[in-house]
Colleague: 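One structure coming up, written as structure tokens, with questions to follow.
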Amino acid sequence: MTSAPDTLVRVSTASGVTTLTLDSPHNRNALSTPLMNQLLAALAEAVTDDTVRAVVLTHTGPVFCSGADLKETAAAYASGSVPAGRLGEVLTAICECPKPVLARVAGPARAGGLGLIAAADIAVCTSDATFAFTEVRIGVIPAVISATVLPRLQPRAAAELYLTGETFDGDRAERIGLVSRAVPADALDQTVAAYCAALVRGAPAALAGTKELLRRPAGTDLRADVAELGAISTGYFLSEEGREGILAFREKRPARWVPGA
């Protein structure tokens, strides 16, 4: 099916994986209000589709995402609101998506684009991709994206890169925790495919529960924390998925939730 001319986020699904492609290369996939609206709608659809087990966020053109749409922002000043205000909804939707989200980054990302990458559960970039927190250079700060970025980044690296706005490459992005893997360009798709193949083997409810676990702050009371987590663990062992997974393991067969099983 051919996408309509105003389609800024293309959607395709195969083998349990929905791919959301930022398709606004004329402005370097900037985070305009229409693009963010379409991305939110596509994520919501993926969440309700039981055949979708994981989501890949990628892009057309040489740039993953240039951050806020500054042209739209300048035009919106008269209204007293700016498009960047919607970004928080997008980051929350990615983080709270019950299905694993993987960012495939084949080119530069700036400012808000780094928020998208950090919001994803797994991120793979090319080693020569470049990144920068350019906010201070235009008189703003990386506020909303800090909700997803700061938990990923080493504190010293965050201070340096936030304050200087300097550019860094994919290899450093991996070292400081912004991405999971930085790979040569010719290995990007193979690496993404391997992650997707692993993700779809996970039970849907277990994947959603694991994402909640990863967002859970560490408890200050160890005994209470262990008791609460123990109850959660028991619930999953007694669930339908837990019973099926253990039976499948014992019978040396794929569990029913694995696509094609």
Side-chain angles (χ1 to χ4, degrees), residues 1-77 79 81-125 129 131 135 142-145 147-149 188-189 192 196 199 208 211:
M1 182 176 68
T2 302
S3 298
D6 58 350
T7 298
L8 304 177
V9 177
R10 292 192 288 108
V11 182
S12 62
T13 300
S15 303
V17 178
T18 283
T19 300
L20 307 181
T21 304
L22 305 183
D23 190 16
S24 184
H26 71 279
N27 65 356
R28 302 183 301 165
N29 293 317
L31 296 167
S32 65
T33 298
L35 184 144
M36 289 189 286
N37 287 343
Q38 291 181 30
L39 183 53
L40 284 166
L43 279 167
E45 186 175 346
V47 168
T48 59
D49 186 343
D50 291 338
T51 69
V52 176
R53 312 298 300 289
V55 176
V56 172
L57 180 61
T58 186
H59 60 104
T60 60
V63 176
F64 174 75
C65 177
S66 60
D69 186 328
L70 299 183
K71 182 178 180 181
E72 183 186 10
T73 299
Y77 278 144
S79 68
S81 64
V82 292
R86 197 79 198 273
L87 179 56
E89 294 179 53
V90 175
L91 300 181
T92 300
I94 294 172
C95 287
E96 294 186 349
C97 176
K99 301 172 183 186
V101 179
L102 185 152
R104 174 192 174 277
V105 184
R110 298 290 185 268
L114 280 71
L116 298 181
I117 294 168
D121 302 293
I122 299 170
V124 184
C125 73
F131 306 88
E135 286 88 348
V144 66
I145 68 169
T148 59
V149 170
L188 180 63
D189 288 332
V192 169
C196 289
L199 290 171
K211 288 196 61 168

Colleague: Report yes if the side chains of Leu116 and Leu87 come closer than 4.5 Å at any heavy-atom pair, otherwise no.
Modeller: yes

Colleague: Below 4.5 Å, heavy atoms only, C-beta onward: do Lys71 and Ser32 meet side chain to side chain?
Modeller: no

Colleague: For Arg104 and Thr58, work out which heavy atoms get closest and say how close.
Modeller: NH1-OG1, 2.8 Å

Colleague: If you measure from CG on Leu102 to CD1 on Ile122, what distance do you get to the nearest 0.5 Å?
Modeller: 5.5 Å

Colleague: So, for Gly112 and Ile145, which heavy atoms are closest and what is the spacing to 0.1 Å?
Modeller: CA-CG2, 3.9 Å

Colleague: As a quick check of understanding, evaluate side-chain contact (heavy atoms from CB on, under 4.5 Å) for Leu35 and Val9, giving each step before the final call.
Modeller: CA-CA 7 Å; Leu35 184 144; Val9 177; 4.2 Å; yes

Colleague: Can a donor-acceptor pair be found, under 3.5 Å and without considering hydrogens, that links the side chain of Lys211 to the backbone of Pro100?
Modeller: no

Colleague: Considering all heavy atoms of both residues, which atom of Thr60 and which atom of Asp23 are nearest to each other, and what is their separation?
Modeller: OG1-OD1, 2.8 Å

Colleague: Got a second to check how far Cys95's SG is from Asp121's CG, nearest 0.5 Å?
Modeller: 7.5 Å

Colleague: First locate atom CG of Asn29, then atom CZ of Phe64, and finally report the distance between them rounded to the nearest 0.5 Å.
Modeller: 8.0 Å

Colleague: Can you tell me if Glu45 has over 12 outside heavy atoms packed within less than 6.0 Å of its CD?
Modeller: no

Colleague: Side chains of Leu188 and Val124, heavy atoms from C-beta outward: is any pair under 4.5 Å?
Modeller: yes

Colleague: Just to verify, which of Thr18, Leu57, Val11, Leu20 counts as forming a side-chain contact (heavy atoms from CB on, under 4.5 Å) with Leu43?
Modeller: Leu20

Colleague: Counting N and O atoms only, with roles assigned by atom type, does the side chain of Glu72 sit under 3.5 Å from a partner on the main chain of Thr33, one being a donor and the other an acceptor?
Modeller: yes

Colleague: Does a side-chain heavy-atom distance below 4.5 Å link Cys196 with Val56?
Modeller: yes

Colleague: Check whether any side-chain N or O of Gln38 sits under 3.5 Å from a backbone N or O of Asp6 as a donor-acceptor pair, and report yes or no.
Modeller: yes

Colleague: If you compare all heavy atoms of Ala46 against all heavy atoms of Val55, which two are closest, and at what distance to 0.1 Å?
Modeller: CB-CG2, 4.0 Å

Colleague: Say you draw a straight line from CG of Asp69 to CE of Met36; how long is it, rounded to the nearest 0.5 Å?
Modeller: 8.5 Å

Colleague: Are the side chain of His59 and the backbone N or O of Val105 linked by a donor-acceptor pair below 3.5 Å?
Modeller: no

Colleague: For a 4.5 angstrom cut-off between non-hydrogen side-chain atoms, does Val17 reach Val52?
Modeller: no

Colleague: So, Ser66 side chain and Arg110 main chain: donor-acceptor pair closer than 3.5 Å or not?
Modeller: no

Colleague: State, with a plain yes or no, whether a side-chain heavy atom of Ile94 is found less than 4.5 Å away from one of Thr92.
Modeller: no

Colleague: Considering all heavy atoms of both residues, which atom of Ala93 and which atom of Leu40 are nearest to each other, and what is their separation?
Modeller: CB-CD2, 3.7 Å

Colleague: Rounded to the nearest 0.5 Å, how far apart are CZ of Arg53 and OG1 of Thr51?
Modeller: 9.5 Å

Colleague: Of all heavy-atom pairs between Phe131 and Leu114, which one has the smallest distance, and what is that distance?
Modeller: CB-CD2, 4.1 Å

Colleague: Could you tell me whether the side chain of Pro98 reaches within less than 4.5 Å of the side chain of Val47, counting heavy atoms only?
Modeller: yes

